[in-house]
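Naming: A, B, ... by sequence-line order, numbering from 1 per chain.
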Amino acid sequence: MTMHAGSRAALALVLLGCAAAAARAQTAPRYQAPVVKDTARLAGPRQPIFFRHDIHAGQDQIPCMYCHYTATVSTEPGVPSLQTCMGCHLLVGGSTPSHQAEIAKVRKAWSDRQPPQWIRVHALPGFVHFPHMRHIKALGDNGCVLCHGDIAKTPQVAQVSTLRMGWCIRCHVERKITRDCTVCHY
Amino acid sequence: MAQTTAPPTSGVRVTYDYVTRVIHRTLGDPGKGYFALLGVAVGLLTIGIICLLFLLRYGLGLAGYSHPVYWAVFITCFVFWVGIAHSGTLISAILFLFRSAWRTAVYRVAEAMTVFAVMTAGLFPLIHIGRQWYFYWLVPYPNERGLWPNFKSPLIWDEFAIGTYFTVSTCFLIMGLIPDIAAVRDLATGWRKKLYAITSLGWRGTNEQWRHYSRGYLYLAALATPLVLSVHSVVSWDFAMAQVPAWHETIFAPYFVAGAIYSGVAMVISLLIPIRRLFHLEEVVTIRHFENLAKLCLLTGMIVGFAYTTEYFIAWYGGPTPEHKAFYYRAFGPFWWAGWTMNVCNWFLPWILWFKKVRTNLTALFVISIFVNIGMWFERFTLIAIHLAGEPFEPFVKAGYNPTWADWGIMAGSFGWFFMWFLLFVKNFPAVSISEVKEVLPPPVRGRHA
Amino acid sequence: MKNPLAALFHGPMTPGVLGVFGHLDDTTRAVKDLKADGREDFTVFSPMPRHELEDAIDRPPSSVRMYTLIGGIAGCSVGAWVTLYMSYDWPIQVGGKPIGSIPPYVVIMFEMTVLFGALNTLLGVALNALRAARREGTIPYDPRFSNDKFGVFVPCRPDQAGTTEAFLKQHGAEEVRRA
Amino acid sequence: MVDGMNRRRFLKVLGVTGGGAAVVAGCGIGPEPTEKLIPYLVQSEDEVPGVPTWYASTCRECPAGCGILVKTREGRAIKIEGNPASPINAGRLCARGQASLQGLYHPDRITDPMARDAQGHLVKITWDDALGRLSAKVKDARGKGIVFLTGLEASSFGDLVDEWMKQVGGRHVTYEAFAFEALREGNRLAFGSAAVPSYDFAAARYILSFGADFMETWLSPVGFQGGFSKAHGFQAGRDAAMAKFVAVSPRMSLEGMNADEWIAAIPGTEGLLALAMAQVILSGHLGAAPGDAGRLTELLSRHTPAAVADATGVDAKTIERLAKEFAASKGGLAVAGGMAAQYPNGAEIVAAVNILNYVAGSVGKTVKFGGDLAAGGAGSFRDLTALLADLAGGKVALLVTHGANPGYSVAGFAAAAAKAYRVAFATVLDETAGAADLVLPDLHPLEQWGDSRPRAGVVALQQPAMQPVQSNARGAGDVIAVLAGKPGTFKDYVQGKWKAPKGQTWADAVQHGGAFGDAPVTTAHLGPDAAKIFPGKPAAPALAGDKGDVSLIVFPHYALYDGRGADKPWLQELPHPVSKIMWQSWVEVHPDTAKTWNVDNGDFLLLTTSFGSARVAAWVTPSVRPGVLAMPTGQGHVAGGRYAKDRDVNAFDLLPGAANGYGGRTFTVRASVDTTRDHRYLATLEGDPREGGESIVELLTLARATGLHAGEHAFAEEPLPEYADSAAAGWAAAQHDKASLGNYATQPTRWAMAIDLSKCTGCSACVTACYAENNIATVGEELVQRRRFLPWMRIERYFNQEEGRPVRAVTTPMLCQQCGNAPCEPVCPVFAAYHTPDGLNGQVYNRCVGTRYCANNCPYKVRFFNWFNYAERGGEHEAWPTPLDWQLNPDVTVREKGVMEKCTFCVQRIRSAEHQARIEDRSLKDGDIVPACAQGCPSEAIVFGDLNDPHSRVHALSEDPRGYHVLAGLNTKPGITYLARVVAGAEV
């Protein structure tokens with residue numbers, strides 16, 4: 001049944017992700033995430049926990065699909081469960097006080113069994129169906145940046161694309177992908 | 001041309017001056033009766049607006065629609081008002097090209113009627129669509145999505161036809177008004193003087209102005225003539241292009257145009273008779289004008305009758321087809337009363353117009369014209385709602401249909417809207433063309449040089 | 001009366017003589033004789049267009065017709081372009097019909113022809129009227145001209161006014177006025 | 001499973017895809033300011049957001065015990081489909097089974113335990129309190145009489161109840177409003193065994209039904225219908241291309257509509273008919289009658305066709321013909337049940353039919369004892385009447401009810417039960433639970449463990465598909481397990497009961513829905529009393545009651561059954577397969593009868609029997625015998641939630657409260673009829689006036705159909721010139737080159753469907769499947785009367801009544817034909833209706849402005865309009881009051897008011913299959929995509945696929961000689977090919 005295909009693929013990816021992360025961590029030149037002084041100046045909504053993609057995806061080079069693994073198998077990218085966070089943060093406590101403070105929040109959430117309520121940044125109206133897996137399949141694992149911007153260098157996630165229909169269409173036309181309405185609207 | 005004008009009925013000598021003054025008098029301060037009428041019109045309009053607000057809030061379900069009656073009273077009213085709109089341009093443009101002098105006394109009323117009727121008709125497509133707040137999606141404007149409307153859809157043709165018709169007939173009305181506004185300007189006083197001074201656009205009746213003016217008017221007439229024929233043809237194609245039995249007919253275009261003129265002329269008569277009475281225009285708008293209108297009515301009525309006959313004949317002649325079922329349903333189905341109202345009022349009634357006595361009897365004409373209007377409304381109602389209800393392809397979903405307060409309320413509102421504008425017009429602008437009436441009067445000549 | 005719009009258009013009044021006529025044939029004769037004198041600069045007022053006068057004045061037909069023609073042609077092509085361009089810009093297939101199917105588009109083309117034609121005609125009339133207004137604004141006007149009187153205005157230097165007055169009087173002007 | 005994830009988190013996670021079912025709006029791009037994303041704490045391994053998870057379970061809507069697969073998304077059950085592994089229903093499911101979701105999400109479900117306060121009002125109490133009260137009551141009721149009343153429970157739950165009752169010295173009574181006493185008694189009379197055998201319809205070559213509504217509610221309708229359509233469906237090249245089907249009953253039920261011959265015998269004389277046929281067969285030695293059949297000679301000699309002709313109202317010639325055909329088929333199957341088993345002489349009728357099977361040599365062939373059905377275990381009506389007596393006599397101190405609602409179906413119950421302390425396990429407050437002193441909120445079957453043994457050899461397991469919707473509800477099993485002092489939960493009890501067949505583990509069993517085996521077939525011989533039936537001279541039986549002279553038949557409603565379906569809007573708005581009436585009750589009157597009474601559709605009749613009276617609207621129809629009235633059960637609830645309550649009249653009130661000779665209940669009574677002046681619009685799908693369905697439903701005689709050979713076409717259509725579809729084809733090709741949608745890589749697809757009318761029975765399971773899959777709103781009685789319904793898929797039913805011919809009903813599913821040259825498309829001013837490259841009629845809801853021109857121009861009238869905003873929270877016409885909206889399919893847009901909607905061949909399923917194929921780097925295979933209607937169809941009449949794929953099934957079927965297109969004359973080039981219905985024997 002579907003569930004097995006789905007979850008197996010997902011798990012496999014998680015493992016791969018870890019391996020890859022480990023491997024890259026040694027070789028590739030490290031990107032240094034900047035120290036954010038004034039968080040108020042950052043674009044995008046303020047999240048309950050100041051989760052920094054630039055540290056995780058940029059500096060530590062954790063591949064997107066490590067946390068958002070369902071994006072390759074499902075229409076929904078999925079939000080990583082708190083367990084995924086704790087997978088590392090049981091051990092990783094953070095280097096600077098500010099980091100420690102944020103990680104403490106994560107641990108508290110875990111111990112209180114109260115997951116953080118992230119504020120949604122990217123959303124499409126209900127009548128638009130955006131299959132993530134098709135796009136990842138076509139654009140590759142790093143295709144995310146096309147719509148979400150260079151998350152790996154962004155301290156706080158903000159909406160960089162309009163996500164309006166014209167914007168979708170432009171890309172589809174450039175890449176000679178169908179413009180058929182019922183591909184997204186049904 | 002002079003000899004075609006009406007001989008004065010009473011002792012009054014109809015001079016240029018008389019014409020100017022009698023028509024200027026119509027712009028005098030309105031009486032209680034006028035305000036009463038205006039009040040009624042605005043009242044109806046208010047009712048309509050209230051119903052419309054409910055409709056917008058809760059959805060079209062408040063109206064009487066059912067499955068499969070997806071178009072009903074609103075589209076009926078749309079076609080009805082567009083039809084009304086037709087005689088105006090016909091009288092002012094086509095008869096102008098035919099140089100028929102009698103039009104001069106009546107065309108202004110007809111033209112004003114046209115403009116306001118189109119204004120009314122234009123509202124209904126917007127009211128009847130399911131998501132009225134997206135009506136502008138029918139307009140080809142450049143948008144972020146890169147989407148355009150479907151020009152193959154008769155509804156888009158409609159949009160263009162009605163839009164054009166409204167613009168052109170409005171231009172036509174305004175253009176015809178300019179010299180007359182100038183005329184009343186020169187007699188008016190007070191705020192009216194200012195109003196006319198501006199709206200007459202500095203008209204002085206110099207030879208230069210007349211030279212360009214009459215040319216322009218001629219070409220407008222030349223353009224309006226095919227337009228008036230096209231508009232109702234396009235409206236008829238809303239139905240003829242669909243494959244609903246009893247809609248899908250090649251005769252629809254001429255049939256609808258004739259019907260439109262028919263109803264329009266009838267409406268002109270129903271409007272002109274009271275105006276003539278109230279404004280004491282007996283000398284200007286004479287019985288002969290009405291007789292001519294009646295003749296026009298008779299002619300178009302005969303065409304419409306012929307169209308009905310053809311429809312029924314073909315339906316019968318075609319054998320056991322859905323068409324056949326549809327017309328049987330029209331005549332003997334549960335909605336027979338609608339079908340027969342239309343037949344009696346439009347098909348049989350006009351025959352009495354063959355008699356000069358009737359044609360020259362204003363009371364009779366008035367009654368007949370009212371009946372014709374009713375009949376024409378029912379023609380559209382039968383055609384749209386009834387033929388949808390009597391679905392012949394899928395007998396399983398054949399359904400009844402009951403209009404509701406929302407339908408009637410909004411329809412009443414449309415009448416209020418129309419008469420409000422019309423009443424405001426006749427009190428503020430010359431309801432009869434001054435300069436053109438003068439054109440057909442014998443000019444003042446001394447004759448000693450002759 | 002003073003047209004509030006007048007100031008926009010014209011300069012100081014032109015000197016000349018205005019004759020008010022009560023009868024059409026007088027006016028026509030006056031015009032004929034004026035033309036016989038080789039004068040073209042006079043202006044005739046009339047409450048309605050009369051072909052007798054037009055014949056007498058005998059000016060070339062108005063240029064408005066060109067506006068109409070151009071407008072019509074423009075409209076037709078706009079109609080064609082809009083429908084076809086928009087069909088192929090995002091081709092969508094309906095009812096097994098070709099993307100760009102001409103017959104339905106003819107309707108649009110026709111309507112656009114009429115629309116543009118009409119609007120352009122109006123434009124033509126307006127422009128010509130404006131041009132005329134620059135001169136006609138500078139000459140006197142009598143309210144009766146929109147009612148039952150005809151008028152002829154002959155521009156002339158004050159010293160010649162006398163003769164002009166005489167001329168008009170003798171042609172049956174009910175009254176003459178200097179400006 | 002969803003363990004390890006508590007309900008709070010489950011609710012929160014909805015936020016992740018809450019948008020999926022959002023309402024159409026033109027703009028509204030970008031997030032709502034308040035929209036939150038709440039992650040799992042620990043993500044269940046099954047849960048991949050956006051990917052459905054399926055749980056195998058068992059349907060508990062009726063005792064048939066069909067296997068189901070529950071589709072869940074983000075932890076919410078959103079659809080139920082049949083479990084292909086189950087031998088009971090072979091992957092199919094009826095409307096009632098699919099609608100159980102609405103029982104799960106019913107907005108009026110009981111949230112907390114409740115008990116009576118001083119004023120006698122039910123007030124919420126804690127579980128501890130509730131359990132305390134219950135055990136206390138049990139303690140002091142010991143010896144004073146404890147009764148546990150349940151529905152038919154052939155399950156561990158039943159066992160548990162039995163054990164508990166043994167402990168506390170109580171007794172366990174089972175009650176089904178439509179039980180099978182006559183069947184058991186009839187079988188005992190004929191064969192001396194009171195079991196209910198399994199009937200092998202698929203193997204039958206000739207099917208005779210005496211009143212048995214085996215496709216509606218009788219025993220195991222889904223399985224029976226599957227078998228029936230295998231046998232009865234036309235299949236060229238078979239030795240007998242199809243099994244003829246003859247239905248005998250005074251009222252045309254779904255079976256009567258599908259019958260090649262419908263024989264409206266006088267009520268109660270079906271048995272005589274069967275005996276007469278047996279007589280013909282035996283005397284003529286036509287069948288392979290076993291040796292001991294001789295004992296029947298005397299009985300049969302009294303029942304010659306001539307002798308019974310008058311009594312039955314069927315002429316002797318017909319009877320002989322039928323008998324000969326039946327015997328000649330060598331494999332006939334005669335079933336008696338339903339109406340025929342509910343007369344005062346029901347048992348004898350069943351016995352008579354058994355004898356017919358016996359002398360024709362069908363017993364053991366098509367009637368198989370051994371693999372007996374659990375229905376045999378249902379308590380008899382006599383048990384209930386006994387209980388009533390005890391209750392009235394104060395011999396019962398404590399009455400516990402679960403899954404049975406006698407308060408609705410037995411008039412005197414409430415009054416009698418008032419003496420006892422009543423405890424009810426229930427999900428909604430139905431009549432019985434509403435009157436209880438202590439109400440315990442039960443879990444819905446989709447939320448709890450359980451099992452069912454519908455047939456010997458079959459153990460169907462039931463597992464929770466999601467966390468409880470009502471967090472404070474507890475499974476009755478768990479509660480009783482505690483009371484009975486069982487170790488562990490009810491799950492452990494079920495698992496303990498479960499005996500592993502070899503090679504199967506518990507985990508497999510749970511994953512596949514149970515252990516499915518077969519019981520050996522035993523032989524049956526005539527019982528001692530076989531020849532003792534119908535002693536007197538052949539005559540129609542006296543019906544119950546002495547008021548009036550009209551015979552009134554009360555029959556189980558296809559969807560509402562004994563009333564348990566009435567609280568589910570999907571079932572209320574499901575047009576009844578025969579009457580097409582929704583939300584209402586009705587009484588069927590024959591036109592001739594109606595004429596004499598001067599009654600028309602919707603006129604109210606006042607029916608009075610010796611037992612009660614009812615005012616009910618008439619439905620004038622040729623589908624009932626003249627002089628006979630027929631009325632469905634199911635409506636007339638006084639409790640049971642907003643959808644069931646105060647709706648029309650309860651037909652049970654007209655029935656006797658006493659058990660009849662064989663311990664069953666008599667459903668055919670004498671009634672007197674008074675006409676009234678009142679009238680109402682019937683809430684019906686059917687238009688008016690009624691006409692035959694020319695060029696919509698096509699029929700062929702068996703002879704003609706068998707005569708057709710491949711390549712031939714019974715319904716020739718004039719060939720079209722090339723250019724007719726060149727535009728469409730060319731464009732599809734162009735689009736296809738531009739972008740592969742992950743379809744068949746080879747050529748542009750044309751999604752198409754083939755519907756075999758010789759298989760379609762008109763059971764309407766597809767309709768509910770469509771409602772469930774596509775978020776179609778239910779609009780309620782008033783709007784149905786105003787014809788604002790939105791059934792994308794409707795079953796059209798026409799009556800063909802030519803002079804001098806028996807009336808025949810023909811049915812056809814009508815849905816969007818996905819025309820190649822669609823009339824609806826070009827008229828849309830905004831391209832909301834347009835042609836997709838893969839050959840669908842796309843309908844873009846968010847582009848639609850609602851001119852409704854498309855609906856006018858659709859000759860099939862399969863487009864539906866949202867007259868109101870059915871999704872508006874708290875709106876007058878709200879279709880999904882929370883938590884019903886949890887069921888909405890996140891893959892399908894919920895349509896806003898003012899928008900046109902229609903069938904798109906489940907485009908969401910097409911797309912997700914394409915996505916799957918694409919990420920697996922393959923192209924689609926035939927059968928990858930199954931629309932909801934095709935999936936649900938119990939008779940597999942609907943086939944979906946790519947018309948352009950020369951190897952697809954749908955392509956082959958579209959070439960079938962029986963194939964035709966509806967309204968072909970309009971040249972719409974539909975994507976649906978109908979295969980003409982084939983009628984055996986009689987002319988068409």
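Counted within 6.0 Å of CZ on F98(B), heavy atoms from surrounding residues, nucleotides or ligands total 12 or fewer; the atom is thus considered open.
Heavy-atom pairs under 4.5 Å with chain C peak, among M175(B), R215(B), H24(B), at R215(B). Across K97(C), K149(C), R131(C), M86(C), the residue that shares the most heavy-atom pairs under 4.5 angstrom with chain B is M86(C). For the set T113(C), V44(C), V64(C), I57(C), the entry with the most heavy-atom pairs within less than 4.5 Å of chain B is V44(C). Options F150(C), Y105(C), F145(C), F153(C) differ in how many heavy-atom pairs under 4.5 Å they form with chain B, and the most are formed by Y105(C). Comparing T121(C), I108(C), T43(C), V82(C) by heavy-atom pairs within less than 4.5 Å of chain B, the highest count is held by I108(C). Most heavy-atom pairs under 4.5 Å with chain B, from the set A118(C), S62(C), G117(C), G124(C): that is S62(C).
Across every non-hydrogen atom of W90(C) and G146(B), the tightest pair is CE3-O, 3.3 Å. Contact between S146(C) and A182(B) at its shortest, heavy atoms only, is OG-O, 3.9 Å. The heavy-atom pair separating V125(C) from G216(B) by the smallest distance is CG2-CA, 3.8 Å. Heavy-atom minimum distance, K152(B) versus S101(C): CE-OG, 3.0 Å. Pairing each heavy atom of R50(C) with each of L441(B), the nearest pair is NH1-O, 3.9 Å.
Without hydrogens or angle criteria, W210(B) side chain to S46(C) main chain gives a donor-acceptor distance under 3.5 Å. Under the 3.5 Å distance criterion, the side-chain polar atoms of K438(B) are matched with a main-chain donor or acceptor of N147(C).
With a 4.5 angstrom heavy-atom cutoff, L53(C) does not touch chain B via any of its atoms. If you measure heavy-atom distances from P179(B) to chain C, you find no contacts under 4.5 Å at all. Contacts between V114(C) and chain B at a heavy-atom distance below 4.5 Å involve backbone atoms as well as side-chain atoms. Proximity to chain B involves both the backbone and the side chain of I139(C), based on heavy atoms less than 4.5 angstrom apart. Within the 4.5 angstrom heavy-atom criterion, atoms from both the backbone and the side chain of F45(C) approach chain B. If you measure heavy-atom distances from F21(C) to chain B, you find no contacts under 4.5 Å at all. For Y67(C), no part lies under 4.5 angstrom from a heavy atom of chain B. Contacts between P61(C) and chain B at a heavy-atom distance below 4.5 Å involve backbone atoms as well as side-chain atoms. For chain B, the nearby part of T68(C) is the side chain; its heavy atoms alone come within less than 4.5 Å. Within the 4.5 angstrom heavy-atom criterion, no atom of L69(C) approaches chain B. For P226(B), the parts sitting under 4.5 Å from any heavy atom of chain C are the backbone and the side chain alike. With a 4.5 Å cut-off on non-hydrogen atoms, T167(B) touches chain C through its side chain but not through its backbone. For P98(C), the part lying near chain B is the backbone, with the side chain staying farther off; criterion is any non-hydrogen pair under 4.5 Å. In this structure, no portion of D180(B) lies under 4.5 Å from any heavy atom of chain C.
Note that CG of D58(C) and CG of N207(B) are 11.5 Å apart. Values are rounded to the nearest 0.5 Å. The CD atom of E111(C) sits 9.5 Å away from the CZ atom of F160(B) when rounded to the nearest 0.5 Å. Going from atom CD1 of I92(C) over to atom CH2 of W148(B) covers 12.5 Å, rounded to the nearest 0.5 Å. Taken from CG in D148(C) to OH in Y16(B), the straight-line distance is 9.5 Å, to the nearest 0.5 Å. With values rounded to the nearest 0.5 angstrom, Y219(B) atom OH is found 5.5 Å from R65(C) atom CZ.
Ion pairing between a basic and an acidic side chain is recognised when a charged N comes within 4.0 Å of a carboxylate O; E208(B) and R59(C) show such pairing.
With a 4.5 Å cut-off on side-chain heavy atoms, S230(B) and F110(C) count as touching.
At a cut-off of 3.5 Å, with distance as the only test, a side-chain donor of Y141(C) or D186(B) sits close to an acceptor on the other residue.
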Yes or no on side-chain contact (heavy atoms from CB on, under 4.5 Å) for N128(C) and Y213(B), after CA distance, side-chain angles and deciding distance? CA-CA 9 Å; N128(C) 283 302; Y213(B) 176 88; over 6 Å; no
